[in-house]
Protein chains: 4
Amino acid sequence: MADQQVPSSIKDQGLVEKRRNQMIKGAVSLFIEKGFHKTTTREIAKASGFSIGTLYEYIRTKEDVLFLVCDSIYERVKDRMEQVIDTEKKTIDSLIHAVTSYFQLMDDMQDEVVVMYQEVKSLSRDAQEYVLQKEKDMLEMLTQVIRNSISTPMAEQDISLIANNIFIQGQMWGFRRWMLQKEFTLESYTKRQVHFLLEGLNVNSIQNQQTS
Amino acid sequence: MADQQVPSSIKDQGLVEKRRNQMIKGAVSLFIEKGFHKTTTREIAKASGFSIGTLYEYIRTKEDVLFLVCDSIYERVKDRMEQVIDTEKKTIDSLIHAVTSYFQLMDDMQDEVVVMYQEVKSLSRDAQEYVLQKEKDMLEMLTQVIRNSISTPMAEQDISLIANNIFIQGQMWGFRRWMLQKEFTLESYTKRQVHFLLEGLNVNSIQNQQTS
Amino acid sequence: MADQQVPSSIKDQGLVEKRRNQMIKGAVSLFIEKGFHKTTTREIAKASGFSIGTLYEYIRTKEDVLFLVCDSIYERVKDRMEQVIDTEKKTIDSLIHAVTSYFQLMDDMQDEVVVMYQEVKSLSRDAQEYVLQKEKDMLEMLTQVIRNSISTPMAEQDISLIANNIFIQGQMWGFRRWMLQKEFTLESYTKRQVHFLLEGLNVNSIQNQQTS
Amino acid sequence: MADQQVPSSIKDQGLVEKRRNQMIKGAVSLFIEKGFHKTTTREIAKASGFSIGTLYEYIRTKEDVLFLVCDSIYERVKDRMEQVIDTEKKTIDSLIHAVTSYFQLMDDMQDEVVVMYQEVKSLSRDAQEYVLQKEKDMLEMLTQVIRNSISTPMAEQDISLIANNIFIQGQMWGFRRWMLQKEFTLESYTKRQVHFLLEGLNVNSIQNQQTS
DNA sequence: CATGAATGAGATTTCATTCAT
DNA sequence: AATGAATGAAATCTCATTCAT
């Protein structure tokens with residue numbers, strides 16, 4: 001767990017976890033509203049339901065809050081993807097299901113994802129790398145699903161590229177909502193992206209025809 | 001011009017433009033290095049080659065600098081795309097050329113683009129919309145090129161989606177360089193993205209075969 | 001005892017004394033290392049081997065710790081001087097012995113003495129006076145020894161002045177160690193100071209000649 | 001000058017000096033009253049006659065104020081000693097004059113000297129050494145005067161020891177005023193200390209008899 | 001008796017902005 | 001037009017002390 005990365009002066013580990021969850025919850029909504037830099041530690045404390053002194057019993061610096069927030073978002077995304085993605089099943093359907101689920105997830109967590117992409121650069125080099133690892137893990141999951149679901153072999157590079165494309169198309173749904181969510185519903189967006197994805201994979205199966 | 005959006009107490013318009021260009025140049029490199037919030041107005045003044053007092057003769061607030069910077073980046077990107085893209089020619093080649101040029105541009109301006117994506121949310125609502133309009137213009141250009149280059153008609157929604165995909169794939173090249181630029185050169189990245197693009201458009205032309 | 005000056009909520013007097021000794025021991029080394037003001041109560045508690053809550057069962061304020069520490073140092077110095085000084089014997093030798101012992105003591109307790117001189121001004125007026133009384137007692141002991149050891153009578157003022165001189169020359173050994181301990185060993189320092197002391201007293205005895 | 005050790009963001013050197021003098025004057029009286037640690041930077045700013053923001057234009061940290069204060073005290077002491085001490089004249093009178101002047105100086109600057117001795121340990125290692133050098137310079141001056149004024153040669157160590165004794169006897173006058181200034185006036189204190197000093201030097205001259 | 005989580009006043013420091021020169 | 005000294009609101013963080021368990 002990332003919690004181990006941020007020392008606390010509180011000994012009771014259960015309490016640390018509980019308080020940090022309060023903290024993350026409070027901070028996320030503030031960061032969404034006004035960004036990390038324009039949010040004050042006092043506001044974070046208040047939104048978390050405790051005093052400024054208590055806040056600093058659970059973190060060392062304001063940046064720790066950002067780390068906890070980013071890490072928790074990544075963790076939640078990763079968790080849900082692990083639940084939802086079956087890296088074993090070897091059908092094109094499982095790929096479609098994975099992408100659909102991932103897009104759904106990105107829709108659910110739009111704000112959080114936007115925050116993360118905005119603020120992750122404010123983390124220290126180390127923290128950034130720690131958090132980025134989770135992104136690599138997720139990418140690896142997508143890669144695996146793609147690899148499994150295609151019948152004819154494909155260059156690893158191409159698989160990786162497609163995984164990246166899917167990955168950011170998911171994020172783009174939230175990130176560029178001002179543009180996309182005027183023209184598409186989540187369903188239509190998913191349907192068309194999946195369509196082009198399958199075209200790219202040269203899958204002329206029934207599924208493909210269904211989606212076009 | 002965006003300059004008109006930001007009032008200055010200096011009368012001489014030529015001077016205003018000159019000073020603001022100094023300012024933008026200085027500020028961009030600072031924003032790239034440490035981000036908007038961690039850059040001070042004093043640093044901007046110094047990097048621009050004049051005093052803090054003078055800085056404030058040409059802007060009202062620190063946010064004005066960010067606006068000027070973002071706007072200038074968008075402007076430069078848009079300019080170069082207009083030079084490079086021929087929205088008249090009706091061949092698949094002109095699409096390939098457009099994408100290639102755009103990716104090249106994104107490669108040249110990696111840092112600037114990253115800065116912009118990081119910091120644009122710190123602008124006021126109005127400034128954001130002003131700047132976003134330029135993005136819409138660029139998207140419209142891509143849309144036009146796509147529309148022209150396909151022989152069989154396509155749903156407007158699909159064209160728009162593909163334009164968006166191209167658009168962010170360009171940005172992704174800079175934004176996710178830690179991942180992509182390990183596996184690809186700009187050329188190979190462009191080649192494979194163009195390949196999948198053409199697959200999606202169902203263009204089984206000579207070019208397509210060449211690129212696969 | 002000074003302990004009576006600082007109330008505790010604990011009834012068991014034996015325990016109070018035990019805990020306070022732990023406290024003093026822990027605090028002294030911290031004060032030596034970083035000074036009173038830069039030492040936190042948490043650090044004192046930790047160094048004493050108990051919790052911050054427990055610390056406050058045995059004192060009222062942080063200043064109480066300083067008082068206890070200063071008082072304990074004075075007490076120890078005074079104790080050892082009482083053991084070592086014989087205010088009855090009426091020879092010049094007993095003066096030499098007293099000075100030598102006192103200098104030895106100052107050498108043993110260098111750090112403590114430095115701490116005391118640094119921090120005693122942070123005590124409240126009352127506490128300062130309480131602690132200063134012990135200094136007066138020690139001065140009185142020196143005065144007595146001097147008075148006894150001279151054959152021809154001397155002005156009380158002069159005796160007092162010489163006592164003061166001896167007193168601070170002892171402290172100076174620790175206080176100005178960066179200077180003195182480069183040029184002298186404790187022995188040579190003692191020998192020369194004793195020499196000049198006897199010159200001042202106009203004692204042209206055998207001892208005097210021995211030391212010159 | 002020590003001013004060079006502490007960077008300022010103000011360019012006008014004359015102004016820097018002026019403001020820092022205001023600062024030192026304000027700070028000294030506060031440090032005398034309540035000590036360095038219990039004095040806030042806001043209080044220093046106010047006592048200096050400018051705002052907290054302005055204060056920080058002339059220093060980097062609170063510790064810089066302490067350094068400036070300590071250094072200025074040392075500098076003033078050293079200056080006045082240089083004016084007053086004639087290291088050329090080779091009579092016992094010039095030694096007596098030097099000691100008398102030095103004691104007078106210590107009387108004038110009692111508070112400042114006490115502050116310095118209390119707080120110098122709060123300086124960084126480097127700053128401490130910088131400041132201590134001035135003390136060594138002064139000691140050297142005393143040494144020189146002693147060496148000149150004695151007719152029969154004396155061990156260098158002894159000269160150094162006597163210089164140290166004089167040095168701290170001067171400080172003791174302020175440092176232990178609660179004790180000494182009850183029994184002595186500055187004149188009587190000086191007279192008797194000079195007396196014992198000359199005894200120690202074995203000078204049985206007319207001056208000596210006058211002082212006894 | 002002992003513990004340690006909670007508190008919040010208060011300290012230091014920064015920095016966007018103004019304005020007299 | 002240009003300068004840069006002055007300002008003070010506001011931000012982060014610390015730490016002595018309390019009190020429920």
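Order of the sequence lines sets the chain letters (A, B, ...), proteins ahead of strands, with each chain counted from 1.
- For the pair A:Asp71 (side chain) and A:Phe67 (backbone), a donor-acceptor distance under 3.5 Å is absent.
- Contact of the C:Ile24 side chain with the C:Val28 side chain is registered, since non-hydrogen atoms from C-beta on lie closer than 4.5 Å.
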Practice task
Both distances under 3.5 Å, Watson-Crick or G-U wobble: on that basis, could you give the dot-bracket string for DNA chain F, with [ ] for crossing pairs and | for other-strand partners?
Solution key: .||||||||||||||||||||

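- One side chain, C:Ser9 or C:Glu57, offers a donor N or O that lies under 3.5 Å from an acceptor on the other.
- Along DNA chain F, the nucleotide closest to C:Thr39 and the one closest to D:Lys11 are compared, and the more 5′ of them pairs with D:Lys11.
- The NZ-C1' distance, from C:Lys18 to E:dA2, rounds to 13 Å in whole Å.
- Distances shown here put every side-chain N or O of B:Thr41 at or beyond 4.0 Å from the OP1 or OP2 atom of E:dC15.
- In this structure, D:Lys62 satisfies the cation-pi test against D:Phe36, with its NZ or CZ atom closer than 6.0 Å to the six-membered ring centre and inside 45 degrees of the ring normal.
- In this entry the distance linking CD of A:Gln13 with C1' of E:dG4 reads 15 Å, nearest Å.
- Defined by atom type and a distance below 3.5 Å, a donor-acceptor pair is present between the side-chain atoms of C:Gln22 and C:Arg19.
- When the P atom of E:dT14 is taken as reference, atom NE2 of B:His37 falls 18 Å away, rounded to whole Å.
- Residues C:Phe31 and C:Val65 are in side-chain contact: their nearest non-hydrogen atoms beyond the backbone lie under 4.5 Å apart.
- Put simply, D:Arg42 has no side-chain N or O that comes within less than 4.0 Å of OP1 or OP2 on F:dG8.
- Atom CG in D:Asp12 sits about 13 Å away from atom C1' in E:dT21, given to the nearest Å.
- Residues A:Arg19 and C:Ile10 both approach DNA chain E. Their nearest nucleotides, taken by heavy-atom distance, put C:Ile10 toward the 5′ side.
- Applying a 4.0 Å cut-off to non-hydrogen atoms, the residues of residues 50-63 of chain A that approach DNA chain E are A:Phe50, A:Ser51, A:Ile52, A:Gly53, A:Thr54, A:Glu57, A:Tyr58, listed by residue number.
- The shortest side-chain heavy-atom distance between D:Val114 and D:Ile32 does not fall under the 4.5 Å cut-off.
- At the heavy-atom level, A:Lys38 lies nowhere under 4.0 Å from the strands shown.
- Contact annotation for A:Ser9: backbone-only contact, meaning every heavy-atom pair under 4.0 Å involves sugar-phosphate atoms and none involves a base.
- When rounded to the nearest whole Å, the span between CD of D:Glu43 and C1' of E:dT12 equals 13 Å.
- Under a cutoff of 6.0 Å and an axis angle of 45°, B:Lys18 and B:Tyr58 do not form a cation-pi pair.
- Among the atoms of the strands shown, only primed sugar atoms or phosphate atoms (P, OP1, OP2) are found under 4.0 Å from some heavy atom of B:Thr40.
- When heavy atoms are screened at a 4.0 angstrom cut-off, B:Ser8 is found touching no nucleic acid atom at all.
- Between B:His37 and A:His37, the ring-plane angle classifies as parallel under the 30° and 60° cut-offs.
- F:dA11 atom C1' lies 16 Å from atom NZ of A:Lys46, rounded to whole Å.
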